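Computation of the quantities below employed the complete heavy-atom set of this structure, encompassing side-chain atoms and omitting hydrogens, waters and symmetry-equivalent molecules. Everything numeric here is computed off the predicted structure, so don't read it as measured data. In what follows, chains are A, B, ... by sequence order, proteins preceding strands, each numbered from 1.
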Protein chains: 2
Amino acid sequence: MIKPRSRRGGGRPTIADVARKAGVGAITVSRALREPARVSEELRRQIQAAVDELGYVPDPNARALASARAEVFGVLVPSLTNNVFAEVVRGIYDSLSASPFRIQLGNTHYSGLEEERLLQVFGSQRPAALIVAGIDQTPTSRKLLESAGCPVVQVMETGPDPVDMMVGFSHFDGGRTATEHLIETGYRRIGFIGARMDPRSQRRLAGYRAAMEAAGLFDPRLVTTTPVLSSVPLGREMLRDALAKVPTLDGVFCNNDDIALGVLFECHRASIAVPKTIGIVGFNDLDMMQVAFPSITSIRTHRYEIGRRAVAMALAAIAGNRPEQRIVDLGFELKRRESTAR
Amino acid sequence: MIKPRSRRGGGRPTIADVARKAGVGAITVSRALREPARVSEELRRQIQAAVDELGYVPDPNARALASARAEVFGVLVPSLTNNVFAEVVRGIYDSLSASPFRIQLGNTHYSGLEEERLLQVFGSQRPAALIVAGIDQTPTSRKLLESAGCPVVQVMETGPDPVDMMVGFSHFDGGRTATEHLIETGYRRIGFIGARMDPRSQRRLAGYRAAMEAAGLFDPRLVTTTPVLSSVPLGREMLRDALAKVPTLDGVFCNNDDIALGVLFECHRASIAVPKTIGIVGFNDLDMMQVAFPSITSIRTHRYEIGRRAVAMALAAIAGNRPEQRIVDLGFELKRRESTAR
DNA sequence: CAACGTCATGGTAGCGCTACCAATTGCCTG
DNA sequence: CAGGCAATTGGTAGCGCTACCATGACGTTG
């Protein structure tokens with residue numbers, strides 16, 4: 001009356017089946033799969049044969065339960081559709097595809113509360129590492145990260161006080177560099193147009209302001225922002241708003257490339273000459289910036305590389321050799337193009 | 001000498017701790033959390049209090065192991081950065097955020113082999129449902145899907161032979177509609193420009209060809225394709241190639257909006273009048289199409305909705321009431337804009 | 001009022017795997 | 001040649017949870 005197999009599991013082969021077929025103990029199969037070096041050549045071969053024949057695939061849930069560690073990277077980003085994060089995520093995926101680690105991707109929608117909730121969920125799985133976007137976690141989130149018991153990498157930005165590790169660049173410097181470029185090129189009434197205004201955009205704005213004040217050009221009416229999610233159509237509207245406030249506007253530093261593209265299209269529509277009448281600078285340097293007409297000056301950021309480095313650092317930490325450099329600044333580059341070439 | 005707790009787990013509260021504190025059996029705690037209706041009001045309250053006090057969070061790995069089902073949706077897409085899939089994924093995430101289900105997102109890089117590998121990995125977790133992009137799975141992948149023992153939804157396209165369920169639209173019809181629109185507007189030497197040429201692009205091309213042949217306008221030299229990943233810069237190059245082959249080209253149906261935008265920019269650069277000299281139609285209708293200058297005609301597809309519907313169908317199937325309609329065609333809309341208004 | 005369902009609760013036995021601790025063997029050292 | 005050590009293998013006992021079955025306390029019914 002005993003039906004040991006078939007009772008619950010879908011009748012899939014287990015490690016015990018493999019062990020029986022190979023004539024070894026279950027633990028040896030486990031070792032052969034995870035630390036081949038510790039099993040003799042011969043047994044390894046037998047076990048591999050049994051695995052192949054049965055089509056055995058280890059159950060990650062059982063594995064996680066027994067070892068109190070899931071082979072999962074938790075990744076938290078504020079948006080899935082924003083090209084910027086998509087690139088970071090792609091870097092993460094590509095770096096992890098050859099490893100045994102799976103990826104658990106969470107979308108916080110730029111909400112601290114949602115981030116806390118997801119951190120709670122992710123933490124309950126005992127992930128191997130956590131990668132989170134930004135450095136402005138709520139106190140609760142920070143606590144959750146600190147007590148996660150795994151490497152943590154904050155990405156996109158650098159800052160003074162990492163939970164564990166950081167890979168990014170200075171958005172403040174990026175904003176300042178973009179603005180200084182406009183000033184140096186001869187623009188004077190330079191506006192800031194920013195949507196979404198998350199912490200990174202705030203810092204870009206701060207960089208803009210610093211540059212403008214240093215040049216004695218700052219005027220609060222030059223700043224146009226909205227909490228609305230950034231998009232190309234929004235860029236168009238915002239340029240209209242900005243021009244309505246300051247008709248003498250002769251340059252704009254845009255929060256990001258979507259906005260910059262919208263601004264460019266609106267200039268075309270309103271027959272405003274770019275770069276002659278208005279100069280435009282974007283942020284992130286999506287690949288369309290270089291083929292736009294005119295091509296758009298932008299701050300190139302290394303998003304894919306941020307993803308790769310974050311994984312590399314986490315992997316190193318998991319392997320036991322934490323990188324000596326806990327904060328990695330990947331910088332950015334000003335790409336001068338036609339939109340500011342006058 | 002017995003240290004039952006603290007031995008392995010990080011000392012987190014378990015269901016047994018909650019049960020002890022609430023003065024009930026562990027199984028009752030389990031039930032209170034999963035099927036509250038089956039536990040009396042009073043015990044439910046006591047248990048909730050204990051849960052809150054201890055900060056208990058169920059271990060999803062243990063849960064998955066014991067119940068032979070993980071609360072995970074496996075999602076397989078060919079690209080993470082392509083806006084089209086990002087929207088579908090966003091729809092999936094938004095629909096699932098209020099549920100207990102986690103999401104396991106895989107990137108197949110348009111590779112059948114990679115899809116098989118990921119399906120193997122995902123399957124080993126016994127997911128609650130699988131959502132995969134496309135209908136052209138390899139025989140191996142199809143077998144894996146069929147034997148996954150969970151609801152499966154194929155998204156993006158509709159076709160005659162679903163593994164289980166399908167949500168999408170006809171890319172062939174989309175391609176034909178776009179091309180017919182150009183023909184009706186009076187364009188004659190209409191090119192097809194397509195990058196990446198995955199199965200969906202192939203079907204759009206087939207739709208283009210059908211429309212052109214029906215009008216007696218088809219000419220193989222009008223078709224320009226490449227296996228390279230689609231991008232805006234690539235659109236620019238491909239228009240150049242197309243014009244080099246057929247200088248009399250007077251219209252283009254583009255594989256997707258990135259290409260269309262690149263084509264538009266190249267027209268500006270080469271001083272080709274749009275829509276007068278060349279008409280342009282894109283595919284997907286990203287939001288920038290309506291603000292481009294001139295605005296670009298495109299085939300609007302319901303990507304976010306595809307994600308939502310896929311989840312809704314999977315959830316229904318999990319709950320035991322499979323939708324009577326296994327194939328859902330969400331259609332598309334031709335958005336006529338300035339780029340074909342002559 | 002005996003027989004029977006229903007509801008609420010609990011005990012037991014795993015799910016499939018790995019941490020921990022032997023046990024065995026062969027070889028090296030003094 | 002005793003003692004020690006590394007290399008290889010295995011047994012046992014869980015990891016934290018839930019499926020399954022059992023138990024008792026209530027009605028409900030004929």
Side-chain angles (χ1 to χ4, degrees), chain A residues 1-20 22-47 51 54 56-71 100 123-126 149, chain B residues 1-20 22-47 51 54 56-71 100 123-126 149:
Chain A
M1 214 76 280
I2 304 165
K3 302 202 296 172
R5 183 95 306 108
S6 88
R7 212 185 104 221
R8 298 209 213 154
R12 290 217 296 239
T14 72
I15 202 169
D17 297 325
V18 176
R20 206 171 308 124
V24 299
I27 191 69
T28 304
V29 175
S30 173
R31 265 195 292 260
L33 263 29
R34 290 177 306 139
E35 312 169 82
R38 293 190 47 195
V39 174
S40 69
E41 175 77 25
E42 190 185 329
L43 281 193
R44 229 183 303 155
R45 240 200 312 271
Q46 285 177 41
I47 290 169
V51 165
L54 293 171
Y56 170 72
V57 182
D59 181 330
N61 299 121
R63 200 170 247 194
L65 182 59
S67 62
R69 259 304 144 223
E71 291 189 311
S124 69
Q125 297 177 72
R126 304 165 182 276
Chain B
M1 213 76 280
I2 303 165
K3 302 201 296 172
R5 180 93 314 103
S6 88
R7 213 185 103 222
R8 298 207 214 155
R12 291 215 296 238
T14 72
I15 203 169
D17 297 325
V18 176
R20 207 171 307 123
V24 300
I27 190 70
T28 305
V29 175
S30 172
R31 266 196 290 258
L33 264 29
R34 292 177 306 139
E35 311 169 84
R38 292 189 48 194
V39 175
S40 70
E41 174 77 27
E42 189 186 330
L43 283 193
R44 231 184 300 157
R45 242 200 309 271
Q46 286 177 40
I47 290 168
V51 165
L54 293 171
Y56 170 72
V57 182
D59 181 330
N61 298 122
R63 199 171 250 193
L65 182 58
S67 63
R69 259 301 147 226
E71 290 188 311
S124 69
Q125 297 177 71
R126 303 165 182 277

Please enumerate all protein N or O atoms sitting under 3.5 Å from an N or O of nucleotides 22-27 of chain C, with distances to 0.1 Å.
none

If I take atom [atom1] in residue [X] and atom [atom2] in nucleotide [N], what distance separates them, rounded to the nearest angstrom?
X: B:Arg12; N: D:dC17; atom1: CZ; atom2: C1'; result: 13 Å
X: B:Arg69; N: D:dC17; atom1: CZ; atom2: C1'; result: 17 Å
X: B:Ile15; N: C:dG11; atom1: CD1; atom2: C1'; result: 14 Å
X: B:Tyr56; N: D:dG16; atom1: OH; atom2: C1'; result: 7 Å
X: A:Leu43; N: D:dT8; atom1: CG; atom2: P; result: 10 Å
X: A:Asp59; N: D:dG16; atom1: CG; atom2: P; result: 17 Å
X: B:Glu35; N: D:dC17; atom1: CD; atom2: P; result: 16 Å
X: A:Leu65; N: C:dG16; atom1: CG; atom2: C1'; result: 9 Å

For a quick test of reading the model, state the closest non-hydrogen atom pair linking [X] to [Y] and the distance between them.
X: B:Ile15; Y: B:Ala26; answer: CD1-O, 3.7 Å
X: A:Ala19; Y: A:Val29; answer: CA-CG2, 3.7 Å
X: A:Leu65; Y: B:Ala62; answer: CD1-CB, 3.7 Å
X: A:Gln125; Y: B:Pro60; answer: CG-CG, 3.5 Å
X: B:Asp17; Y: B:Thr14; answer: OD2-N, 2.8 Å
X: A:Pro58; Y: A:Leu33; answer: CG-CD2, 4.3 Å

Using a 4.0 Å cut-off on heavy atoms, which residues in residues 22-34 of chain A reach DNA chain D? List them by number, or say none.
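Hits under 4.0 Å, by residue number: A:Val24, A:Gly25, A:Ile27, A:Thr28, A:Arg31.
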Got a sec, which residues hit side chain to side chain contact (heavy atoms under 4.5 Å, CB included) with B:Arg38, two or more places apart in sequence or on another chain?
B:Arg31, B:Glu35
Side chain to side chain contact (heavy atoms under 4.5 Å, CB included) involving B:Arg34 - partner list, sequence neighbours excluded:
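Applying side chain to side chain contact (heavy atoms under 4.5 Å, CB included) to B:Arg34 gives B:Ser30, B:Arg63.
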Which residues pass the salt bridge (Lys or Arg N to Asp or Glu O under 4.0 Å) test with B:Glu42, sequence neighbours left out?
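Scan of B:Glu42 (salt bridge (Lys or Arg N to Asp or Glu O under 4.0 Å), adjacent residues dropped) gives none.
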For the side chain of A:Ala66, starting at C-beta, report the closest nucleotide among D:dC17, D:dT8, D:dC15.
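The nucleotide sitting nearest to the side chain is D:dC15.
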With the side chain of A:Arg63 defined as its heavy atoms from C-beta on, choose the nearest nucleotide among C:dT18, D:dA19, C:dG16.
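Among the listed nucleotides, the one closest to the side chain of A:Arg63 is C:dT18.
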To the nearest 10 degrees, what angle separates the axes at the start and end of the helix from C:dC1-D:dG30 to C:dG30-D:dC1, five pairs each?
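That helix has its two terminal axes inclined by roughly 30°.
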Look at the side chain of B:Arg69 and the backbone N and O of B:Arg126, then say whether any donor-acceptor pair between them is shorter than 3.5 Å.
yes
Ignoring hydrogens and geometry, is there a side-chain-to-backbone donor-acceptor pair from B:Arg12 to B:Val57 under 3.5 Å?
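Pair absent, no side-chain N/O of B:Arg12 close to backbone of B:Val57.
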Side-chain N,O (A:Arg38) to OP1/OP2 (D:dT8) below 4.0 Å:
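So the side chain of A:Arg38 is outside the cut-off, no N or O lying under 4.0 Å from OP1 or OP2 of D:dT8.
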